[in-house]
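Presented below is the structure to which this report refers.
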Number of protein chains: 2
Amino acid sequence: MTPVTAAERSDAARNRERLLLAARELIEQSGAAALTMDRLAEHAGVGKGTVFRRFGSRAGLMLTLLNDSEAAFQARFLFGPPPLGPGAAPLDRLIAFGSERIAYVLEYGDLVLAAGNAPRGRFEVPAAALWNQHVEMLLREAGFDSPEPWLMAGSLNSTLDPERLLHLVREHGVTSERLAISWRDLVTRVAGRA
Amino acid sequence: MTPVTAAERSDAARNRERLLLAARELIEQSGAAALTMDRLAEHAGVGKGTVFRRFGSRAGLMLTLLNDSEAAFQARFLFGPPPLGPGAAPLDRLIAFGSERIAYVLEYGDLVLAAGNAPRGRFEVPAAALWNQHVEMLLREAGFDSPEPWLMAGSLNSTLDPERLLHLVREHGVTSERLAISWRDLVTRVAGRA
DNA sequence: AATACAACCGGACTGCGGTCCGTTTAGTCT
DNA sequence: AGACTAAACGGACCGCAGTCCGGTTGTATT
């Protein structure tokens with residue numbers, strides 16, 4: 001295989017694996033919030049510069065750590081079984097999308113939070129663009145007619161902001177069930193009949 | 001006058017004034033994003049410790065700087081003339097609330113952004129609780145019946161998140177008019193008839 | 001195997017927000 | 001006025017994310 005973009009050097013690949021392994025170990029021990037780039041470099045037996053060359057920033061590292069689960073989530077709402085995936089009624093898919101997203105955020109908690117402190121805000125992230133597009137598509141399919149469908153999709157998505165969800169759960173004891181109910185209520189009113 | 005809580009010492013009061021003046025000067029020169037606590041201390045001719053004792057954190061400083069305009073905004077939606085203040089139909093007040101909030105966020109831009117990086121997130125801020133309460137009240141008055149009115153109010157408010165609004169305006173050229181239209185569309189669907 | 005070079009490495013360095021604590025000072029009491 | 005004390009002061013200090021650059025190493029070429 002001769003890739004168009006030059007292949008990654010072997011020592012670089014080795015260090016990337018070391019770093020990801022070390023990161024997961026440290027996070028398992030003390031949580032993602034306590035993970036500092038210095039400690040990660042030390043624990044992986046690597047210089048600090050290497051950490052930043054690989055991941056760009058702390059948020060980039062967290063994004064990389066979340067990559068697999070995020071890809072799995074995307075695969076489920078794009079191609080998976082109903083009601084999340086194609087086949088169900090658009091409104092049902094929308095409701096399922098919110099519920100699953102809420103569950104995802106609660107499961108990965110601190111990791112998602114730390115990934116949110118990206119340089120140019122948390123809106124440039126490719127994943128966010130995909131969610132927006134997906135919600136917009138479902139709105140259209142549900143017969144939604146509005147002057148600003150793209151902004152409406154963004155509004156609905158901002159409702160699922162990890163910082164907000166985790167704040168409600170951790171500081172106010174709100175359950176994921178209540179969050180899901182509130183989401184269902186919201187999208188039902190916006191997109192369809194009561 | 002003999003206040004219950006001990007009066008502020010004269011040197012403390014003098015330094016607070018100095019700091020606020022210096023902060024406004026520096027912000028006028030280079031914008032709020034470029035304001036560092038070290039520079040502020042130096043420009044005010046004061047130790048760094050003093051800055052933090054007064055305002056607690058950078059976010060606290062920004063909040064203090066916004067205090068007057070925030071109080072004015074609150075007075076307008078609580079006691080001011082319709083359609084923002086009491087007297088108009090609840091749905092119209094809700095629509096006006098969003099428009100005015102959008103205008104406020106765009107006017108104070110970086111200041112609001114910097115105030116948002118508070119210690120325990122941007123949800124503990126007293127002002128946020130008041131907005132929530134206000135939106136929830138207007139929803140009830142509009143005949144809104146839902147399993148989770150408080151969460152719904154929070155969802156609607158999260159739509160007005162400064163980071164999101166400023167991102168849309170600055171990176172995507174969205175106008176405040178379009179944002180206001182989208183808000184109107186959202187709350188109309190949630191709270192009332194089209 | 002020797003050469004050459006691009007990619008990579010590491011850790012010292014910077015600037016930031018925030019803390020700590022020994023010193024100074026404003027207000028009060030005698 | 002002089003003494004006392006709680007409050008305020010200031011700047012050295014810390015841990016952090018992120019940058020920089022002189023030295024090193026993998027890899028392709030001959």
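In the text below, chain A, chain B and the rest are named by the order of the sequence lines, each starting its count at 1.
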Any N/O pairs under 3.5 Å between the protein and nucleotides 28-30 of chain C? List them or say none.
none

Presence of donor-acceptor pair under 3.5 Å, side chain of Arg9(B) and base of dA8(D):
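Under the 3.5 Å cut-off, the side chain and the base do not form any donor-acceptor pair.
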Roughly, in whole Å, what's the span from [atom1] in [X] to [atom2] in [N]?
X: Leu40(A); N: dG18(D); atom1: CG; atom2: P; value: 13 Å
X: Asp38(A); N: dC13(C); atom1: CG; atom2: C1'; value: 12 Å
X: Arg39(A); N: dG11(C); atom1: CZ; atom2: P; value: 18 Å
X: Leu35(B); N: dG17(C); atom1: CG; atom2: C1'; value: 12 Å

Taking salt bridge (Lys or Arg N to Asp or Glu O under 4.0 Å) as the definition, give me every residue that meets it alongside [X], ordered by chain and number, with sequence neighbours left out.
X: Arg9(B); value: Asp11(B)
X: Arg178(A); value: Glu148(B)
X: Arg16(B); value: Glu8(B)

List in numerical order all residues of residues 10-30 of chain B for which some heavy atom is under 4.0 Å away from an atom belonging to DNA chain C.
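Listed by number, they are Ser10(B), Asp11(B).
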Give, ordered by number, those residues of residues 44-63 of chain B having at least one heavy-atom distance below 4.0 Å to an atom of DNA chain D; if nothing qualifies, reply none.
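Here the set is Val46(B), Gly47(B), Lys48(B), Gly49(B), Thr50(B), Arg53(B), Arg54(B).
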Identify each atom pair where a protein N or O and an N or O of nucleotides 2-5 of chain C are less than 3.5 Å apart, giving names and distance.
none

Can a donor-acceptor pair be found, under 3.5 Å and without considering hydrogens, that links the side chain of Arg189(B) to the backbone of Val190(A)?
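At least one qualifying donor-acceptor pair exists.
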Please list every donor-acceptor pair under 3.5 Å in which a side-chain atom of residues 128-139 of chain A meets a protein atom from a residue at least two apart or in another chain.
{"from": "Trp131(A)", "atom 1": "NE1", "to": "Glu70(A)", "atom 2": "OE2", "distance (Å)": "3.2"}
{"from": "Asn132(A)", "atom 1": "OD1", "to": "Asn157(A)", "atom 2": "ND2", "distance (Å)": "2.8"}
{"from": "Glu136(A)", "atom 1": "OE2", "to": "Arg140(A)", "atom 2": "NH2", "distance (Å)": "2.7"}

Might you confirm whether atom CD of Glu42(B) has over 12 heavy atoms from other residues, nucleotides or ligands at distances under 6.0 Å?
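Atom CD in Glu42(B) is not crowded, with 12 or fewer foreign heavy atoms closer than 6.0 Å.
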Side chain to side chain donor-acceptor pair (under 3.5 Å) contacts touching residues 110-119 of chain A (sequence neighbours left out)
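Qualifying pairs, neighbours excluded: Asp110(A)-Arg170(A).
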Which pairs pass side chain to side chain donor-acceptor pair (under 3.5 Å) with one or both residues in residues 51-64 of chain B, sequence neighbours excluded?
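As it turns out, there is no side chain to side chain donor-acceptor pair (under 3.5 Å) pair with a partner in residues 51-64 of chain B once direct neighbours are skipped.
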For the residue pair Phe73(B) and Phe77(B), does the interplanar ring angle fall in the parallel (under 30°), tilted (30 to 60°) or perpendicular (over 60°) class?
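If you compare the ring of Phe73(B) with that of Phe77(B), the planes turn out perpendicular.
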Is it the case that Asp185(B) and Ser146(A) place a side-chain donor and acceptor less than 3.5 Å from each other?
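There is such a pair between these side chains.
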Residues which pass side-chain contact (heavy atoms from CB on, under 4.5 Å) with Glu171(B), listed by chain and number, not counting sequence neighbours:
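Per chain and number, Glu171(B) pairs via side-chain contact (heavy atoms from CB on, under 4.5 Å) with Arg120(A), His167(B).
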What I want to find out is whether Arg122(A) reaches Asp161(A) closely enough, with some N-O distance under 4.0 Å, to be called a salt bridge.
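Salt bridge present between Arg122(A) and Asp161(A).
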Using a 3.5 Å cut-off and no angle test, enumerate the donor-acceptor pairs between side-chain atoms of residues 23-30 of chain B and protein atoms at least two apart in sequence or in another chain.
none

